[in-house]
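Structure, as structure tokens:
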2 protein chains.
Amino acid sequence: MDNRQRLLDCALDLFSQRGYDAVGVREVVEAVGVTKPTLYHYFDSKRGLLEALLRREGSRLLTEVLRASIYQGDLVFTLETIVRAYFAYAQHATSYYRMQLGMYFSPPESEANQAIRPFANQQREIMEGVFIQAADDHGNLRGRHVRYAAGFLGTINATIGLYLNDELTLTDELVYQTVHQFMHGIFS
Amino acid sequence: MDNRQRLLDCALDLFSQRGYDAVGVREVVEAVGVTKPTLYHYFDSKRGLLEALLRREGSRLLTEVLRASIYQGDLVFTLETIVRAYFAYAQHATSYYRMQLGMYFSPPESEANQAIRPFANQQREIMEGVFIQAADDHGNLRGRHVRYAAGFLGTINATIGLYLNDELTLTDELVYQTVHQFMHGIFS
DNA sequence: GACAAAATATACCGATCGGTATATTATATA
DNA sequence: TATATAATATACCGATCGGTATATTTTGTC
């Protein structure tokens with residue numbers, strides 16, 4: 001009944017499967033069963049449709065990651081909580097996570113990348129904040145927060161990438177393994 | 001003078017900056033200063049242009065990574081050699097690496113992803129082979145080669161991603177740090 | 001220089017692109 | 001019930017999409 005939500009749902013499916021550029025507005029409205037003016041009534045442009053989609057889905061991820069990233073002296077615990085939040089979100093919003101990942105690595109001058117960048121930057125700042133705080137307790141981390149944040153997010157996304165390709169399941173054990181490997185390497 | 005090479009060069013620039021879908025063949029030929037039949041004389045289609053580009057650039061990366069991935073009992077040494085090969089390639093062929101990264105994470109049913117998948121799979125098999133061989137010497141690695149290969153490539157690409165965004169330089173010291181962190185974690 | 005083949009250009013194809021002017025229908029409020 | 005507004009549809013816009021039929025030029029070979 002709510003055509004606005006159905007347009008967003010449909011755009012999410014199509015964008016995540018074939019990409020923002022490859023999907024036309026015509027295809028979106030036909031899949032929903034409405035016409036173009038309906039889409040342009042709710043969203044001013046195709047870009048506006050994408051940004052509304054990012055707001056609806058992306059803010060939920062940010063909220064959960066933000067809540068998970070409170071550092072209170074136990075870095076392993078905080079990182080495990082963060083990984084759990086990412087895994088839970090990727091499982092609950094598989095299509096969106098696939099789309100977000102694709103947009104994050106899309107070319108720098110593409111519309112998709114420009115639209116996702118604010119969300120990516122926020123995730124990144126959250127992660128860097130954790131390592132900056134942790135450096136107060138673990139001095140040898142100091143000055144490496146950029147690399148660590150990128151590396152940790154890279155590890156998380158590599159794992160979720162395997163999940164998206166049906167090569168593993170995101171278990172609670174995997175949360176532990178992921179953080180343990182990041183903290184202590186593959187030999188221990 | 002070689003219009004075929006110039007078309008590939010130009011396609012590489014445009015695809016890496018704005019993406020395969022967002023760049024039309026018209027734009028490519030105009031940037032080179034030829035006309036469409038010239039492009040279609042060398043490449044049967046836009047997709048053929050992309051695949052020729054991947055063959056020209058991607059095979060070089062595969063050759064170098066393959067040579068770097070010979071395991072002879074010293075896992076740290078092999079991983080460092082591999083990271084060095086990736087870093088060298090990313091520095092030497094920045095545009096192509098950016099494009100490859102974007103295509104790897106592009107939607108599964110997009111042309112870009114389907115075209116890059118053979119190359120991505122080969123890189124992945126090379127990495128898995130290293131960890132499978134290393135498991136003969138380090139039994140505790142056994143059965144985790146998929147996760148480790150994905151995690152290691154994820155770490156490499158996260159680092160190169162920072163380089164592509166001008167947030168660090170790919171030094172020899174960073175090679176050591178990347179492998180050391182992967183092997184022993186961030187605390188040591 | 002004759003001639004075949006490769007390389008390039010002109011001019012066009014139908015289809016689709018994102019977007020809109022205008023009209024109509026449904027809905028809520030007074 | 002009158003009226004304004006939100007929601008939707010019909011029909012269209014110019015531009016660009018990937019691709020091609022045909023003709024011309026260049027090039028290498030004998």
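In what follows, chains carry the letters A, B, and so on, assigned in the order in which the sequence lines appear, proteins first and then strands, with residues in each chain numbered from 1.
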Under the ring pair (Phe, Tyr, Trp, His ring centres under 6.0 Å) test, residues paired with H180(B) that sit two or more places apart: Y176(B), H184(B)

Any residue meeting ring pair (Phe, Tyr, Trp, His ring centres under 6.0 Å) with Y40(B), in chain and number order, not counting sequence neighbours: none

pair Q181(B)-R144(A): side-chain heavy atoms closer than 4.5 Å: no

Ring geometry between H138(A) and F187(B) (parallel below 30°, tilted from 30 to 60°, perpendicular above 60°): tilted

From [atom1] of [X] over to [atom2] of [N], roughly how many Å is that when rounded to an integer?
| X | N | atom1 | atom2 | result |
| --- | --- | --- | --- | --- |
| N3(B) | dT25(D) | CG | P | 18 Å |
| L49(A) | dG19(C) | CG | P | 10 Å |
| D2(B) | dT27(D) | CG | P | 13 Å |
| K46(B) | dA15(C) | NZ | P | 20 Å |
| D44(A) | dT20(C) | CG | C1' | 13 Å |

Donor-acceptor under 3.5 Å (Y20(B) side chain, R47(B) main chain): yes

Under 3.5 Å: donor-acceptor pair, side chain of R142(B), backbone of A135(B): yes

Spacing of CZ belonging to F87(A) relative to CG belonging to D172(A), to within rounding of 0.5 Å: 9.5 Å

Each nucleotide N or O in nucleotides 26-29 of chain C that has a protein N or O under 3.5 Å away: list the pair and distance.
none

Derivation and outcome, side chain to side chain donor-acceptor pair (under 3.5 Å), residues N157(B) and Y104(B): CA-CA 11 Å; N157(B) 283 328; Y104(B) 180 73; over 6 Å; no

Residues from residues 35-43 of chain B lying under 4.0 Å of DNA chain C - heavy atoms: T35(B), P37(B), T38(B), H41(B), Y42(B)

Residues touching DNA chain C, which here means a heavy atom under 4.0 Å, drawn from residues 8-30 of chain B: none

Pairs where residues 142-169 of chain B contributes a residue and the test ring-ring contact (aromatic ring centres under 6.0 Å, His included) is met, not counting sequence neighbours: F131(B)-Y148(B), F152(B)-F182(B)

Cationic N near anionic O, under 4.0 Å, K46(B) to D21(B): no

Candidate list L54(A), D13(A), I116(A), test side-chain contact (heavy atoms from CB on, under 4.5 Å), partner M99(A), passing option: L54(A)

